[in-house]
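Bear in mind the structure is a predicted one, so any value in this text is a computation, not a measurement.
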Amino acid sequence: MAPKATIKLVVSETTDTGITAGIDLSALYIIDNNIAPVMSESYGACETGLGTVGNAFYNALWQQAAAEGITVLLSTGDNGSAGCDDFTSASTRIRWDRG
């Protein structure tokens, strides 16, 4: 328990173009404005689904947070990194069978 802890909720709306999700805008705002020493975010996207640009965005954002001394805690979703795997394909089944 953290009896002196406070929760600061930052909510942002997704842009009209849909390029930047509201959760990304909130994370960017928190880090750019150094709102808190710890930030917790939950998102369920895997790295392959984010693509090169998405991964570069998060990589730069988390590096900026670390440089500012902000601890970032992230959820990987219910499936974790396995969420990107196609368990119906033969190559995946073989890989899992080999342990």
Side-chain angles (χ1 to χ4, degrees):
M1 299 307 236
K4 294 185 180 182
T6 59
I7 296 174
K8 297 176 182 178
L9 178 64
V10 176
V11 179
S12 302
E13 185 175 359
T14 299
T15 61
D16 289 337
T17 59
I19 293 172
T20 307
I23 195 164
D24 298 334
L25 293 172
S26 293
L28 192 59
Y29 180 85
I30 290 165
I31 293 168
D32 280 349
N33 294 284
N34 207 2
I35 299 293
V38 178
M39 181 180 86
S40 177
E41 178 182 312
S42 178
Y43 69 96
C46 58
E47 289 85 358
T48 56
L50 294 173
T52 303
V53 174
N55 279 300
F57 169 79
Y58 283 114
N59 187 42
L61 190 60
W62 305 149
Q63 284 184 22
Q64 180 183 346
E68 294 178 16
I70 299 172
T71 299
V72 178
L73 306 171
L74 296 171
S75 161
T76 58
D78 294 338
N79 298 327
S81 60
C84 294
D85 292 344
D86 177 7
F87 294 105
T88 61
S89 72
S91 63
T92 303
R93 284 195 305 271
I94 291 168
R95 185 176 65 225
W96 282 101
D97 289 344
R98 292 183 184 167

Side-chain donor/acceptor pairs under 3.5 Å, residues 49-57, sequence neighbours excluded:
residue	atom	partner	partner atom	Å
Asn55	ND2	Glu47	O	2.9
Asn55	ND2	Gly51	O	2.8

Practice item. Following the transitive rule for hydrophobic clusters with a side-chain heavy-atom cut-off under 4.5 Å over Ile, Leu, Val, Met, Phe, Trp and Tyr, establish whether Val38 and Leu74 coincide in one cluster. Key: no

Report, one line per pair, each donor and acceptor closer than 3.5 Å where one atom sits in a side chain of residues 2-10; sequence neighbours left out.
residue	atom	partner	partner atom	Å
Lys8	NZ	Ile35	O	3.4

Revision key, fill the gap. Hits for side-chain hydrogen bond (donor to acceptor under 3.5 Å, both in side chains) against Asn59, two or more places apart or cross-chain, chain-then-number order -> Gln63

Point to revise | Set of side-chain hydrogen bond (donor to acceptor under 3.5 Å, both in side chains) partners for Ser12, sequence neighbours left out | key: Ser26

Review point. Between CH2 of Trp62 and CD1 of Ile31, what distance do you get to the nearest 0.5 Å?
Key: 5.0 Å

Practice item. Calculate, to the nearest 0.5 Å, the distance between atoms OG1 and CD1 belonging to Thr14 and Ile23 respectively. Key: 9.5 Å

Study note, to complete from the structure: side-chain contact (heavy atoms from CB on, under 4.5 Å) filter on Leu28, not counting sequence neighbours, yields Asp32, Leu61

Do any side-chain atoms of residues 65-72 form donor-acceptor pairs under 3.5 angstrom with protein atoms, and if so which ones, sequence neighbours left out?
residue	atom	partner	partner atom	Å
Glu68	OE2	Gln64	NE2	3.1

